Amino acid sequence: MKRVTILSSADPRQKRGLQIVALTHAISLRKYGLETVIYCPSSEYESFELEGVPVYTFAFQRRSNSLLNFATMINNCWHGWKHHFGKQEPDILHGHDYMTYYFLSQYLSQNVKKIFTVHDPMIYHHRMLGRLSQGSSLKAKIMTHIENKVYERSSKIHCISEYTLVRIENKEALVPKLKIVADWIDVDKFIVPVDKNRERLELGFGASDFVIYTLRGLQARMGLENLIEAFQLIKASIPSAKLVIGGKGSLRNELEELARRLDISDSVTFLGYVPEDEVVKRYQAADVVIMPSIDGEGFGLPVIEAMACGTPVLAAPTCALPEVLRGKPERLFTGIYPEDISSGIMQFYQQWRANRIDAKAERKYVLDHFSEDKMIKLILDDYEV
């Protein structure tokens, strides 16, 4: 049995985007007979099991000084590895995190097959979030070195979308290594509800409510201001509309103030953090899920999570969202602005009123395009299993 160590950027108990993907990969690989574990930074050195996957962590707390972060990460990563694994090496090291992979891909011997999954290119990601200026700097040079070494040491580089792939610098030289392996989800968890009305009633929605839902980090790049302004534009035409925004982030106060200023706060609910046992119910209870992203959507897991629950998704024509909805181009807005979003919602609302939404067809789209079997096969080919 081949042993696989997956490197995540943070403790998978946090259940954020990249951590969810790394955990999903580990669960799936174990089902296919590989002895898979996760290694990642956390608040302390720990070992535990999560959804059947052994997880090993090393202590790391991010600070404002980049050089200190770099040195501490490498030092603690090395001590954690020695503590948990000693001299034992996996057959395959599969990174989802640049920093830990940068060190371990050099530290482990050439007997270990090394593969890296790009969610966002490192330089691009930090510039997008405003953590790195556009010009040259010592921090930029260090990141460029790390990113280049990660690609150089990898036998294969998996990108979660074409959108992600084209943002890799010097990608032309890496073509023989590059491969698109899209994300997938646990379709036994994200399911069509037996009784949608019951799920809605349990969450406080009436039978006639038109429930618009989004699950996002409350950040500028998510386009939530545009969604709220779009909701104000449709509210008079759809009095029963309810906008529900799940997720936490630094913009919550600003977004709540925007809803008050537009006089729609009675119809807009901010859930904050959505507990894991409520995630599926929220998708199931919604009539439509909106993805208004402006930037940084390397794939868009909520799209396939919602559709697997039988709920249609409307999305901005940005980032990787047109790829994920390639088979349903009518679900893309004509642009990112409030007028574009409101027009798309109104068109969808007419279909909804006419009962032309087929939950089983939504789910089938996910099974046909993003099945675990299909994506795992792409990975196992590179593992030579």
Side-chain angles (χ1 to χ4, degrees), residues 9-20 43 61-62 64 119-120 125-131 200 202-205 209-235 238 241-303 305-306 311 313-316 318-319 321 333 336-342 345:
S9 60
D11 190 327
R13 289 173 294 193
Q14 295 180 10
K15 294 295 180 73
R16 294 201 299 259
L18 189 152
Q19 290 82 49
I20 290 174
S43 58
Q61 294 292 332
R62 192 174 298 279
S64 57
H119 296 260
D120 269 327
H125 178 75
H126 282 79
R127 283 183 171 150
M128 175 192 66
L129 295 180
R131 297 175 184 168
R200 291 164 65 87
E202 286 183 3
L203 293 174
F205 301 120
D209 287 339
F210 179 61
V211 182
I212 301 168
Y213 180 55
T214 190
L215 180 60
R216 311 269 67 208
L218 307 189
Q219 305 167 5
R221 68 186 181 88
M222 298 300 185
L224 294 170
E225 298 95 333
N226 292 333
L227 175 58
I228 291 170
E229 291 180 17
F231 183 75
Q232 191 267 342
L233 294 175
I234 67 160
K235 191 67 175 88
I238 314 176
K242 308 287 185 185
L243 175 59
V244 182
I245 300 174
K248 59 183 183 177
S250 59
L251 287 186
R252 177 159 180 171
N253 291 339
E254 291 180 36
L255 295 172
E256 288 181 331
E257 175 56 31
L258 175 60
R260 283 192 292 271
R261 195 164 67 247
L262 295 175
D263 196 27
I264 54 173
S265 55
D266 288 348
S267 299
V268 180
T269 301
F270 291 86
L271 299 175
Y273 171 74
V274 179
E276 187 179 357
D277 61 359
E278 199 177 296
V279 169
V280 173
K281 289 179 179 294
R282 287 285 172 187
Y283 284 132
Q284 292 174 334
D287 293 302
V288 64
V289 167
I290 307 291
M291 294 284 285
S293 304
I294 296 171
D295 198 2
E297 201 72 67
F299 181 79
L301 274 178
V303 175
E305 289 175 346
T311 302
V313 176
L314 304 180
T318 59
C319 311
L321 297 173
F333 301 128
I336 63 171
Y337 299 106
E339 295 79 7
D340 304 314
I341 297 172
S342 62
I345 292 174

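Quantities reported herein were computed from a predicted structural model and do not represent experimental measurements.
Inter-residue side-chain proximity for Pro292 and Leu224 is flagged as met; some heavy-atom pair is nearer than 4.5 Å. A heavy-atom distance below 4.5 Å is found between the side chains of Gln61 and Ser43. Counting heavy atoms from C-beta outward, Pro302 and Val313 have side chains that stay 4.5 Å or more apart.
Taken from CG in Leu243 to CZ in Phe210, the straight-line distance is 10.5 Å, to the nearest 0.5 Å. Atom-to-atom distance recorded for Ile212:CD1 and Leu227:CG is 7.5 Å, nearest 0.5 angstrom. Distance check: Leu18 CG to Leu301 CG gives 10.0 Å after rounding to the nearest 0.5 Å. If you take CG on Asp11 and CD on Gln19, they are separated by 8.5 Å, rounding to the nearest 0.5 Å. From Gln284, atom CD reaches atom CG of Leu203 across 9.5 Å, with rounding to the nearest 0.5 Å. For the atom pair CD1 of Ile294 and OH of Tyr337, the computed distance is 8.0 Å after rounding to the nearest 0.5 Å.
Side chain of Thr214 to main chain of Ile290: a donor-acceptor pair is present (N/O by atom type, distance under 3.5 Å, no hydrogens or angles). For Thr311 (side chain) and Tyr283 (main-chain N/O), a donor-acceptor pair under 3.5 Å exists by modelled atom type.
The salt bridge (charged side-chain N to carboxylate O under 4.0 Å, His left out) test applied to Asp340 returns no partner, not counting sequence neighbours. For Glu305, there are no salt bridge (charged side-chain N to carboxylate O under 4.0 Å, His left out) partners at least two apart in sequence or on another chain. In this structure, the side-chain contact (heavy atoms from CB on, under 4.5 Å) partners of Ile264, at least two apart in sequence or on a different chain, are Ile228, Phe231, Gln232, Ala259, Leu262, Val268. Ala315 pairs by the side-chain contact (heavy atoms from CB on, under 4.5 Å) definition with Met291, Leu321, Leu325, Leu332, not counting sequence neighbours.
The side-chain hydrogen bond (donor to acceptor under 3.5 Å, both in side chains) pairs that include a residue from residues 285-299 are Tyr124-Asp295, Tyr163-Asp295, Arg200-Asp287, Arg216-Ser293, Arg216-Glu297, Asp287-Trp352, Ser293-Glu297, where partners are two or more places apart or lie in different chains.
The nearest pair of heavy atoms linking Pro338 to Ala230 is O-CB, 3.3 Å. A pairwise comparison of heavy atoms in Gln14 and Ala10 identifies OE1-CB, 3.9 Å as the closest pair. Contact detail for Gly246 and Tyr213: the closest heavy-atom pair is N-CE1, 4.0 Å. Annotation for Gly296 and Arg221: closest pair O-NH1, 3.0 Å, computed over non-hydrogen atoms. The minimum heavy-atom distance linking Ala220 with Glu225 is given by the pair O-OE1, 4.2 Å.
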Where do Leu215 and Ile245 land on the side-chain contact (heavy atoms from CB on, under 4.5 Å) test, with the steps shown first? CA-CA 6 Å; Leu215 180 60; Ile245 300 174; over 6 Å; no
Decide side-chain contact (heavy atoms from CB on, under 4.5 Å) for Leu271 and Val244; before the verdict, give the C-alpha distance in whole Å, the side-chain angles of both, and the deciding distance to 0.1 Å. CA-CA 7 Å; Leu271 299 175; Val244 182; 3.5 Å; yes
Residues 249-258 side chain polar contacts: donor-acceptor under 3.5 Å, at least two apart:
unit_1 : atom_1 : unit_2 : atom_2 : d
Arg252 : NE     : Glu256 : OE2    : 3.0
Arg252 : NH2    : Glu256 : OE2    : 3.4
Arg252 : NH2    : Phe270 : O      : 3.2
Glu257 : OE1    : Arg260 : NE     : 3.3
Glu257 : OE1    : Arg260 : NH2    : 3.1

